[in-house]
Each structure stands twice: as C-alpha cells, then as structure tokens.
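Along the sequence shown, the residues carry numbers beginning at 1.
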Amino acid sequence: MRVARAPLLASFLFVGLACAAEQKGSIGAVLSRDNDTGALYVRDLSPGLSAERAGLLPGDELVMIEGRYVRDLDAKEIRALLRGDVGTSVRLTIVRGEEVRRVRVERRALLDAKKEERPRTETITE
C-alpha cells in the first residue's frame with residue numbers, strides 16, 4: 001500500500017443526502033482525489049454499508065468505474081456513475097498495493113443527514 005502521497009486536496013463525499021422520493025443510492029464510501037496525479041482513493045467507509053461489505057479498505061485506489069478510467073472523469077461524472085437506483089450494482093476496479101481487484105458493489109439508500117445527525121462530543125484529558 002502506498003503511504004507517501006501528494007496532499008489530497010479534493011474530497012468527494014458519497015454518503016449523505018438523498019431525496020426520499022427518488023430512492024437513489026450510492027456505495028457508502030468517502031473518496032479523495034489527488035490533485036497532482038488525478039488518482040482517486042478510498043478515504044473512509046461507512047460501517048455496514050456496501051463498500052465495506054464488498055471488501056474495500058481505506059487507501060485503496062479506485063482505477064475504474066464501470067470500465068471507465070476515473071482519471072478521465074470529473075467529480076460530477078464520478079458521482080453519476082456511483083449513484084443510481086437502490087439495489088443496482090456498480091463495477092469497480094481497485095488497486096491495493098500490487099494487487100488489482102474487480103468488485104461489484106450494490107448501491108444502498110443514502111442516509112438523510114438531518115435524521116441521522118448526532119451531536120459530536122469531544123473529551124479533553126489532562
């Protein structure tokens with residue numbers, strides 16, 4: 001797994017808001033793009049959602065979505081490919097270390113941020 005990378009400046013959040021009437025879904029992962037190389041990495045996973053269930057891990061590089069190279073896509077195109085009807089799936093090609101993996105991830109309903117939002121607490125110890 002690559003450790004040293006250029007700063008990840010652009011982040012895309014794929015878990016969050018959805019209109020209940022549309023029943024759109026996504027894979028449940030936070031992705032970050034390296035602005036220097038255009039590479040797209042899994043930054044974080046929502047516990048129990050599809051990306052985690054499919055075996056994706058933070059640090060995985062997302063190379064292709066539905067056979068299209070992510071370096072050729074802008075953020076809007078990436079979101080459009082990852083989102084879709086709940087229950088449908090999306091084909092991803094990822095690189096983990098020296099290994100190339102092809103996975104199919106089912107789209108699940110996006111969370112309604114207003115309903116799921118919980119207050120965050122911070123503990124400071126001395």
Side-chain angles (χ1 to χ4, degrees):
M1 184 181 299
R2 294 182 210 150
V3 176
R5 292 188 205 127
L8 300 174
L9 301 176
S11 295
F12 308 102
L13 180 61
F14 293 107
V15 179
L17 305 173
C19 177
E22 291 180 4
Q23 285 300 309
K24 290 295 179 184
S26 192
I27 65 169
V30 177
L31 305 175
S32 295
R33 175 165 266 170
D34 183 318
N35 286 337
D36 293 334
T37 66
L40 191 65
Y41 296 96
V42 175
R43 190 176 83 197
D44 196 16
L45 299 165
S46 295
L49 292 182
S50 298
E52 182 186 61
R53 289 180 183 184
L56 271 64
L57 296 173
D60 286 346
E61 180 181 357
L62 202 73
V63 179
M64 297 177 89
I65 303 170
E66 292 293 333
R68 297 182 61 190
Y69 286 102
V70 297
R71 291 180 192 219
D72 297 336
L73 305 171
D74 63 24
K76 186 176 180 179
E77 292 169 311
I78 291 169
R79 274 191 298 276
L81 287 170
L82 292 176
R83 290 184 179 167
D85 294 332
V86 171
T88 61
S89 62
V90 60
R91 293 174 300 135
L92 306 177
T93 303
I94 62 166
V95 174
R96 181 180 298 156
E98 300 296 318
E99 184 179 359
V100 176
R101 295 179 177 212
R102 288 169 186 82
V103 297
R104 187 173 294 275
V105 182
E106 184 179 336
R107 294 176 178 104
R108 300 268 182 175
L110 295 170
L111 302 174
D112 184 342
K114 291 180 183 175
K115 291 180 185 175
E116 297 294 325
E117 190 173 307
R118 295 186 181 127
R120 294 184 181 206
T121 60
E122 183 176 50
T123 305
I124 300 172
T125 60
E126 293 184 36

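Contact annotation: the side chain of V95 never approaches that of D60 to less than 4.5 Å [non-hydrogen atoms, C-beta and beyond]. Side chains of V86 and K24 form no contact here, defined as non-hydrogen atoms less than 4.5 Å apart. By the 4.5 Å heavy-atom criterion applied to side chains, Y41 and D34 are counted as neighbours. Considering only heavy atoms from C-beta on, L57 stays 4.5 Å or farther from V42 through its side chain. With contacts defined as side-chain heavy-atom distances shorter than 4.5 Å, the pair L45/P58 qualifies.
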Salt bridge (Lys or Arg N to Asp or Glu O under 4.0 Å) between E99 and R101, worked out
CA-CA 6 Å; E99 184 179 359; R101 295 179 177 212; 3.2 Å; yes
Going through the distances and angles, do I27 and L49 end up as a side chain to side chain contact (heavy atoms under 4.5 Å, CB included)?
CA-CA 7 Å; I27 65 169; L49 292 182; over 6 Å; no
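For the residue pair L82 and L31, the shortest heavy atom distance occurs at CD1-CD1, 3.6 Å. Contact detail for D72 and E77: the closest heavy-atom pair is O-OE1, 4.0 Å. Heavy-atom minimum distance, G28 versus A51: O-CB, 3.9 Å. Nearest heavy-atom pair across S46 and E52 is O-CB, 4.1 Å.
Between R107 and D85 no salt bridge is recorded (no basic side-chain N to carboxylate O distance below 4.0 Å). Between R71 and E61 there is a salt bridge, since at least one side-chain N of the basic residue sits less than 4.0 Å from a carboxylate O of the acidic one.
Distance CE/M64 to CG/L40: 13.5 Å, rounded to 0.5 Å. We find the CG-CG distance between L56 and L62 to be 7.0 Å, quoted to the nearest 0.5 Å.
For the pair R83 (side chain) and G25 (backbone), a donor-acceptor distance under 3.5 Å is absent.
Of the candidates L92, L73, V70, L81 forms a side chain to side chain contact (heavy atoms under 4.5 Å, CB included) with just one, namely L73.
For R91, the salt bridge (charged side-chain N to carboxylate O under 4.0 Å, His left out) test picks out E66, with sequence neighbours left out. Among residues two or more places apart in sequence or in another chain, the side-chain hydrogen bond (donor to acceptor under 3.5 Å, both in side chains) test is passed with S50 by R108.
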